[in-house]
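It should be emphasised that the depicted structure is a prediction, and the values quoted were computed from it without experimental measurement. All chains are named by letter (A, B, ...) in the order of the sequence lines, taking the proteins before the strands, and each is independently numbered beginning at 1. Heavy atoms only: backbone and side chains are in, while hydrogens, waters and symmetry mates are out.
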Number of protein chains: 2
Amino acid sequence: MHDRKHWILRIVQEQPVGNQRKLQRELGKHGIRVTQSTLSRDLKELGLVKVAGDGGYRYVLPDEVRGADVLAGKRILKEFVTEIDHAGHLLVVKTEPGNAQPVARALDRMQWPEVVGTVAGDDTLIVVLRHPSQVQPVTEKILQMVGRKKIA
Amino acid sequence: MHDRKHWILRIVQEQPVGNQRKLQRELGKHGIRVTQSTLSRDLKELGLVKVAGDGGYRYVLPDEVRGADVLAGKRILKEFVTEIDHAGHLLVVKTEPGNAQPVARALDRMQWPEVVGTVAGDDTLIVVLRHPSQVQPVTEKILQMVGRKKIA
DNA sequence: CGTTAGAATGCATATTCATGCACGATCGAA
DNA sequence: TTCGATCGTGCATGAATATGCATTCTAACG
């Protein structure tokens, strides 16, 4: 039984597993036969969670959860960003009231190299860039994701 | 609709929500009526995941750890700071998710002369220094307190 | 051995979740 | 304004997941 959990962790890390049935099949390839019921309990015990990403879902370890969905991030930007401005090497992004936080998280998750970090208030967030010269490209990149509605 | 997502994030952080039906009811208390279908989609977009804990399940932000205890300043830094970077005369300090606020307070209390002020978001805070030249020494000072764990 | 308490698992099913489809609202372009 | 494209949503329903209960396995003990 320890074996099984061991395999579960391994399989889940090696390939995207979107549901328990698939996990069940994969385990089968290793000669391990179990029912979905047991897997449900195993996953619960292992603390694995199903996260959205790439359109579909996938089970991951809590640690991996971070980078798991750039796509959802894009949607969030599209959803909440209303305006972009800048000053020096800072980008000032305005959002729908109360949503600066999610947008900041979304940007963080993208892990862009030019971005040093973000700080979010209620409807405004500041994106700190490494150099003023990156203001244009990054703004561009964000606008792209937002859908080029030319905002600001 | 933006309102709804805003509330979802808030509700989910304030109390344990184990399933979408409950979330639906909670939203109802705020005058927001939606179907489970929509919530399923919202949760997907917001990147919330259902994790096991306390016997039951609960929706959480992927990186929720939130443990804002009252620790001594130095201890707080040691506890929550994960990374330090800079740009211009700004220091960008990354912390464990949700703990930028306490860290910022801790730094404020230290009343360092080089520090003009701080602004904290969720997991990032910006420390405004008087001069770019103070970036090195201050970073150094913080690293010292944090325990010199390589960090960024 | 036989007995037994507890853990692990399956089975059947209730519960919860995701999504194809359709329709009304919204936004832009002509 | 009118048309077309897109978006947001509910509805209905199939897919996926969780769980109560019964059964089987395991290990410890007399």
Sequence neighbours left out, what passes side-chain contact (heavy atoms from CB on, under 4.5 Å) with [X]? Give chain and number order.
X	answer
B:V51	A:V49, B:V49, B:V60
B:L43	B:I8, B:Q20, B:L23, B:L48, B:Y59
A:I32	A:R4, A:W7, A:L27

Problem set entry | Base-contact (B) and sugar-phosphate-only (S) positions in nucleotides 10-18 of chain D, heavy-atom cut-off under 4.0 Å, - elsewhere | BBB---SBB

Exercise. In Å, rounded to the nearest 0.5 Å, how long is the span from NZ of B:K94 to CD1 of B:I84?
Worked result: 12.5 Å

Problem set entry | A:Q24 CD - C:dT9 P separation (whole Å) | 13 Å

For this session: Starting from P on C:dA8, measure out to CD1 on A:I32 and report it in whole angstrom.
Result: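 So the CD1-P distance, A:I32 to C:dA8, works out to 16 Å.
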
For this session: Could you tell me which residues satisfy side-chain hydrogen bond (donor to acceptor under 3.5 Å, both in side chains) with A:E14, sequence neighbours excluded, listed by chain and number?
Result: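 Here the qualifying residues are A:R10.
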
Problem set entry | salt bridge (charged side-chain N to carboxylate O under 4.0 Å, His left out) contacts in which one or both residues fall within residues 15-30 of chain B, not counting sequence neighbours | B:E26-B:K29

For this session: Please report the shortest heavy-atom distance between A:V119 and B:T124, naming the atom on each side.
Result: CG1-O, 3.9 Å

Exercise. Angle, rounded to 10°, between the helical axes spanning five pairs at each terminus of the helix from C:dC1-D:dG30 to C:dA30-D:dT1?
Worked result: 30°

Problem set entry | Matching residue for A:S37 among A:V34, A:T35, A:L39 - test: side chain to side chain contact (heavy atoms under 4.5 Å, CB included) |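 One option only clears the test, and that one is A:T35.
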
